[in-house]
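One structure below.
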Amino acid sequence: MTTTDPEDDTGTLCDLMPKLRRRARRLARSTDEAEDMAQEAMLRLLQQMQRDGKIEMPERYAMTLLHNLARYRWRSRQVTEELTEDMACAPPLAPARIACAELQAAIDRLPEDQAALMRLVMLGETSPRVLAARVGVPKGTVMSRLGRARRRLRKEMGLEGSVIELL
């Protein structure tokens, strides 16, 4: 549907206003705010039609305007707090990198059959069935090797008795 002049398509625009109001009620906190947003969207639509003289899909354009108005209102309502000096610094990466390096070294000390499975798990493979197919052993063997490997890694990393041990 192409609209070239707002005066020529008054019926279509009059039909659009109730749709805008319904949508605005879903987006706004109150009926007054919804009415304001619907009228603002219609006003901007008419201004754009007068400026450009042509809008291919006025209903879609008006709904987009309405959603953008709602987003603007939501963002302007958000309370922001003053940044302090301690908020500006990023946490250091060194402890995490050291822990990863220590874990990699502990995996390298595992028996080769367990270490190979743990390396596959590190690469993202978590299905025992797929691991068994890749390594060429039964699924039960994979499960027991992974269990022994995890138990030994927890012990070496000093995580025995922690919540992580339950995992």
Answer yes or no: is there a side-chain heavy-atom contact under 4.5 Å between Met118 and Leu153?
-> yes
Can you check whether Arg23 reaches Leu27 side chain to side chain, under 4.5 Å on heavy atoms?
-> yes
Report yes or no: do Ile55 and Leu69 belong to one cluster of Ile/Leu/Val/Met/Phe/Trp/Tyr joined by side chain heavy-atom distances under 4.5 Å?
-> no
Name all pairs fulfilling the salt bridge (charged side-chain N to carboxylate O under 4.0 Å, His left out) condition that reach into residues 62-76, sequence neighbours left out, sorted by first residue then second.
-> Glu33-Arg73
For the residue pair Asn68 and Thr64, establish whether any side-chain heavy-atom pair is separated by less than 4.5 Å.
-> yes
Do Trp74 and Met37 sit in the same hydrophobic cluster, where Ile, Leu, Val, Met, Phe, Trp and Tyr count as joined when their side-chain heavy atoms come under 4.5 Å apart?
-> yes
Which heavy-atom pair separates Ala28 from Ala34 by the least distance, and what is that distance?
-> CB-N, 3.5 Å
With distance as the sole test, does Arg145 use its side chain to make a donor-acceptor pair with the main-chain N or O of Ala115 at under 3.5 Å?
-> no
Does CZ in Arg60 sit with more than 12 non-hydrogen atoms of other residues, nucleotides or ligands closer than 6.0 Å?
-> no
Student check: side-chain heavy atoms of Leu45 and Leu16 closer than 4.5 Å | yes
Is Arg109 atom CZ crowded by more than 12 heavy atoms from other residues, nucleotides or ligands, each under 6.0 Å away?
-> yes
Do Arg148 and Pro111 come within less than 4.5 Å of each other through their side chains, counting heavy atoms only?
-> no
Crowded around Met17 CE? As in, over 12 foreign heavy atoms under 6.0 Å?
-> yes
Side chains of Leu146 and Leu131: closer than 4.5 Å at any heavy-atom pair?
-> yes
Ignoring hydrogens and angles, write down the donor-acceptor pairs under 3.5 Å from the side chains of residues 97-107, residues two or more places apart or on other chains.
unit_1 : atom_1 : unit_2 : atom_2 : d
Gln104 : NE2    : Asp108 : OD1    : 3.2

Should Leu43 and Leu65 be counted in the same cluster of Ile, Leu, Val, Met, Phe, Trp and Tyr side chains packed under 4.5 Å apart?
-> no
What's the spacing between Glu35 CD and Asp32 CG if we round to 0.5 Å?
-> 8.5 Å
Evaluate the side-chain contact (heavy atoms from CB on, under 4.5 Å) criterion for residues Met42 and Gln39: first the C-alpha distance (whole Å), next the side-chain angles of each, then the deciding distance (0.1 Å), finally the verdict.
-> CA-CA 5 Å; Met42 182 60 79; Gln39 289 180 11; 5.7 Å; no
Is it true that Leu120 and Met122 fall in one hydrophobic cluster, defined by side-chain heavy atoms closer than 4.5 Å?
-> yes
At what distance, to the nearest 0.5 angstrom, does OG of Ser144 lie from CD of Gln114?
-> 8.5 Å
Any side-chain donor paired with an acceptor under 3.5 Å for Gln48 and Arg51?
-> yes
Report the distance from atom NZ of Lys19 to atom CZ of Arg21, rounding to the nearest 0.5 Å.
-> 14.0 Å
Shortest non-hydrogen pair, Pro128 vs Val142, comes out as O-CG1, 4.2 Å
Of all heavy-atom pairs between Pro138 and Ala132, which one has the smallest distance, and what is that distance?
-> C-CB, 3.9 Å
May I ask whether Leu159 and Leu110 are part of the same hydrophobic cluster, defined by side-chain heavy atoms of I, L, V, M, F, W, Y residues being less than 4.5 angstrom apart, directly or through others?
-> yes
Close side-chain approach of Thr141 to Asp113, heavy-atom, < 4.5 Å | no
